[in-house]
Amino acid sequence: MARVTRAESQAETRRLLIGAAATEFAERGFGGASLDRIADGAGFTRGAVYSNFADKADLFVAVLDHRLDDQIADLAGVIGDAEATAGPFVARLRADDWTQRNPQAGRLQWILLYDEFRIFALRNPSARERLAEHEQRMREEYARAAHEFLAPLGLGDAFDPDTLGAMLFGLDHDLNRQELIDPAHVPKTSFADAVAILLQAAAALANDRSGQR
């Protein structure tokens with residue numbers, strides 16, 4: 001039997017703690033979550049939490065990072081299936097299996113949880129720094145995805161990636177909340193619809209540039 005290394009053991013401990021923390025945060029919110037319950041749920045003592053994470057905020061962002069890893073993998077699959085072609089990509093984002101990949105109740109739960117932590121982070125510098133690292137990674141992924149579709153149009157370097165990433169993150173972040181508040185006027189496909197408008201504008205800009213040459 002292969003011997004488990006210290007690094008592998010620590011990675012497994014972190015994985016179990018993150019899984020238990022995701023359940024605890026989802027059920028009780030950030031403020032109501034208990035590190036003792038998280039440690040117990042993962043089969044460890046509270047000391048194991050502090051051996052792997054600086055504090056509850058650090059553990060919470062680790063949960064967000066884990067969820068983001070899954071979201072990145074899902075998005076990469078969608079981009080690959082669409083072969084970086086705008087039409088099939090937008091159609092895939094509008095499809096029921098994508099828009100309904102998270103049940104509304106669960107999505108609302110995590111949006112409330114994220115917003116609760118965001119308010120906490122705005123008031124706590126160390127938590128704000130950790131959340132900033134997470135959100136920067138999100139913006140980079142949005143910008144990277146956009147580049148997949150802009151590059152074939154000759155617009156790969158036409159837009160500042162930081163601005164592009166922040167814009168797409170803002171659209172996705174807020175349209176989710178608008179849809180949950182007023183689904184009669186903001187459908188589940190709103191982000192896909194917004195992406196379609198932006199890609200159509202990019203295509204028009206590319207054609208205009210081509211015509212000026």
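Just so we're clear, the structure is a prediction, and the values are computed from it rather than from any experiment.
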Kindly write out the residues that satisfy side chain to side chain donor-acceptor pair (under 3.5 Å) with [X], not counting sequence neighbours, or none if the list is empty.
X: Ser9; answer: none
X: Thr23; answer: none
X: Glu27; answer: none
X: His134; answer: Asp65

Set of salt bridge (Lys or Arg N to Asp or Glu O under 4.0 Å) partners for Asp55, sequence neighbours left out: none

Any donor-acceptor N/O pair, Asp172 side chain to Leu168 backbone, under 3.5 Å: no

Donor-acceptor pairs under 3.5 angstrom involving side-chain atoms of residues 190-198: please list them, not counting sequence neighbours.
residue, atom, partner, partner atom, Å
Ser190, OG, Pro187, O, 2.8
Asp193, OD1, Arg94, NE, 2.8
Asp193, OD1, Arg94, NH2, 3.0
Asp193, OD2, Thr189, OG1, 3.1

Residue pair Glu24 / Ser34, side-chain heavy-atom distance below 4.5 Å: yes

Among all residues two or more places apart in sequence or in another chain, which pass the side chain to side chain contact (heavy atoms under 4.5 Å, CB included) test with [X]?
X: Ala158; answer: Leu155, Arg209
X: Glu140; answer: Gln136
X: Leu35; answer: Ile38, Arg46, Val49, Tyr50, Lys56, Leu59
X: Asp182; answer: Ala184, His185

Ring pair (Phe, Tyr, Trp, His ring centres under 6.0 Å) partners of residues 54-74, not counting sequence neighbours, each pair once: Phe25-Phe60, Phe30-Phe60, Phe60-Phe117

side-chain contact (heavy atoms from CB on, under 4.5 Å) evaluation trace for Val78 with Phe89: CA-CA 7 Å; Val78 172; Phe89 175 68; 3.7 Å; yes

With Phe53 via ring-ring contact (aromatic ring centres under 6.0 Å, His included) - residues at least two apart: none

